[in-house]
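Just the heavy atoms: all of them, side chains too, but no hydrogens, waters or symmetry mates, feed the values below. Remember, predicted model here, so these are calculated numbers, not experimental data.
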Amino acid sequence: MATDNDIVEVAVIGGGHAGIEAAVAAARMGCKVALITADAAAIGRMSCNPAIGGTAKGHLVHEIDALGGVMGELADATGIQFRLLNRSKGAAVWSSRCQSDSAAYARAAAALVAAEPRLSLVEGDVVGFEPTSAPDKVGVLRLADGRTLACRRLVVATGTFLNGVLHTGSQASPGGRAGERAVTGLSASFTALGIATGRLKTGTPPRLRRDTVAVEELERQPGDDHPLPFSHRTDRMAFPVLPQIECYITHTNGDTHAALAKGFDQSPMFTGRIRGAGPRYCPSIEDKVVRFPDRDRHQLFLEPEGLASDLIYVNGFSSSLPAPVQKAALRTVPGLATAEIVRYGYAVEYDYFPAHQLQPTLESKRLPGLFFAGQVNGTSGYEEAAAQGLLAGINAAAGLLGRDQLVLGRDEAYIGVLLDDLVAKPSDEPYRIFTSRAEHRLALRQDNAARRLTHHGVRVGLVEERRGREVAAEQEAIEQLFSQLEGTRVAPQQVNAWLSRRGAAPLRAPESLAALARRPEVGLEALSDARWLPAPASAALHRSGPDLRSAGAIELKYAGYIAREREAVARTRRLDAMRIPAELDFGRITALSQEAREKLTLLRPSTLGQASRISGVSAADVSILMVWLRGRR
């Protein structure tokens, strides 16, 4: 364990999902790392829903894994139900999700941290930070017990703990989550540096005693028969690792909404006691009732917290209403009439630092060497936090090791979309990733995350070169298969009888195998079994194997759209290649609109591409700025 006045290369404050990724990444890259947490037993704790992944969030987990992060590996080892969401839609929005054994996840995360030889765990409350002008360190951390810790780089991943306040009805008490104390004093250290802060709010629903829920009255929700893991490190032959369970679905009703309404005059949200904005896309149940008065019911998911746990998480019923109101409302929900409430829902309000104050690397614009990651940047969700933690850890270590830092573009990864949105499109409410936020989502599928990003993981030193060669070989095999399918044409007399048996329209002229494979009645897998297939094409298909054929089928289906996306990406990259000087005074460029000058001055974009994505900066403003920048060359 680190001791008084030790100097570590990277210090990470916070043992949540962001802190774990940051600390492990920096350690595995070769740095001496200290992970500082108030409670060592709380590392990796799932403070909200016991699940990993979901729509677009599953993409993030696959990308984290491709870059060498650990969330996917932990999820695979502790998942008790795996599902692929959005199967009825296109492959671009297929998203993996797993229900986790929350206690097992925390144990696995703690064991992983303990096993890292360059990573020390420091237990204590950080109450202050003092920057230093010394070239070899960013500053010194002060702990509540008087210890100090100097660091060359600092990653702040404090989640909801900075000046956190827990709300249930009229009751409010300091805390970062139930049973854990808030972090006080640290926010003031950063505001003293000129870093702006704000307040946000998030919430959590009640937990129920599992054996008091009438599951026979509920709709059962099983997992997939043949689940797929998140991580390439997971042994598919031994997957899933843990026994699999069912979740359940129920709904609120008019009686529920009436019971909730009786407590609105005591709601800390509606009475103004909570000032921080809550998440738009994961609102509390009372917020749903008020915002959607025409809805006569809202869906609830009942999710077991673990194999050995007696708790059920009521997903969709987040609330900060008084406990008696929550109890009365839950009694009206089918299946919950006799359910015992073990812990009532509550809201937590906390400090955050708007992310427009950061570089795309997550390094502070105010103080080089200082990084922020996770909910402290204004995001919600474990996956968003882990993605930021990984990038912050990579870039903190890269700066020390003299390596190039990692910045992912919006066309490369959902992580790139997330970071660009945070830095260039500030929001006054918790940010959540969605597939709709990614303009290049046809190319950013979770099935190709490894092929998109593994080379970055290899470059930064988190992925073995052997794995890099494997992924490169997969990409080459797919490209060779494409070439063979596009270059092989078949005549109507060769295939029409076979097409007729499959209910497909006959050919009127020779057509490529690629065009045939795109037909919904055909597909690549069926084509691989066709006896009339020319020998070279047949050999290429069978060499590729079922996994690559599946990937190839998706690539074939979207090939035309992806080609058009590449043209759009090329235009965007030209804008992103135009750097904006950090010292540029936008106020001097009077041809810009007043709103553009204000937004550009506040957000300080580093590239013209970033500037073009800022709300309030018009296409005309971008053109003016482009002319101005070219004139400086």
Hey, what's the ring geometry for Phe372 with Phe353, parallel, tilted or perpendicular (30° and 60° as the breaks)? tilted

[X] and [Y]: which non-hydrogen atoms are nearest, and at how many Å?
X	Y	answer
Gln326	Thr168	NE2-CG2, 4.1 Å
Pro430	Leu200	CD-CD2, 3.9 Å
Gly263	Leu321	O-CD2, 3.4 Å
Gly44	Ala109	CA-CB, 4.1 Å
His356	Lys365	O-NZ, 3.0 Å
Val333	Asn253	CA-ND2, 4.5 Å

Carboxylate-amine/guanidinium contact [X] [Y], below 4.0 Å:
X	Y	answer
Arg97	Glu303	yes
Arg432	Glu384	no
Asp65	Arg233	yes
Asp310	Arg209	yes

Rounded to the nearest 0.5 Å, what separation is found between the CZ atom of Arg437 and the OG1 atom of Thr435? 10.5 Å

Atom pair CG (Leu358) and CG (Leu422), whose distance is rounded to the nearest 0.5 Å: 8.5 Å

Taking atom [atom1] of [X] as the centre, does the number of heavy atoms from other residues, nucleotides or ligands within less than 6.0 Å exceed 12?
X	atom1	answer
Arg181	CZ	no
Lys288	NZ	yes
Glu217	CD	yes

Check each of Lys32, Arg153, Arg152 against Glu9 using the salt bridge (Lys or Arg N to Asp or Glu O under 4.0 Å) test, and report the only one that passes. Arg152

Does His17 have its ring centroid less than 6.0 Å away from the ring centroid of Tyr105? yes

Using ring centroids (six-membered ring only for Trp), state whether His62 and Phe230 fall under 6.0 Å. yes

Could you check Ser231 against Asp76 for side chain to side chain donor-acceptor pair (under 3.5 Å), going step by step and ending with a plain yes or no? CA-CA 7 Å; Ser231 177; Asp76 288 346; 4.7 Å; no

Verdict with supporting geometry, Ile13 and Val183, side-chain contact (heavy atoms from CB on, under 4.5 Å): CA-CA 11 Å; Ile13 308 176; Val183 173; over 6 Å; no

Using only atom types and a distance under 3.5 Å, with no angle test, would you say the side chain of [X] pairs donor to acceptor with the backbone of [Y]?
X	Y	answer
Asn395	Leu391	yes
Gln388	Gly374	yes
Ser102	Glu305	yes

Test log, rule side chain to side chain donor-acceptor pair (under 3.5 Å), inputs Ser95 and Thr55: CA-CA 5 Å; Ser95 299; Thr55 300; 4.7 Å; no

Between Met71 and Leu60, is a side-chain contact (heavy atoms from CB on, under 4.5 Å) present by the stated rule, with each step listed? CA-CA 10 Å; Met71 175 171 267; Leu60 289 179; over 6 Å; no

Intermediate values then yes/no, side chain to side chain donor-acceptor pair (under 3.5 Å), Thr204 and Arg207: CA-CA 9 Å; Thr204 190; Arg207 269 67 161 183; 2.7 Å; yes

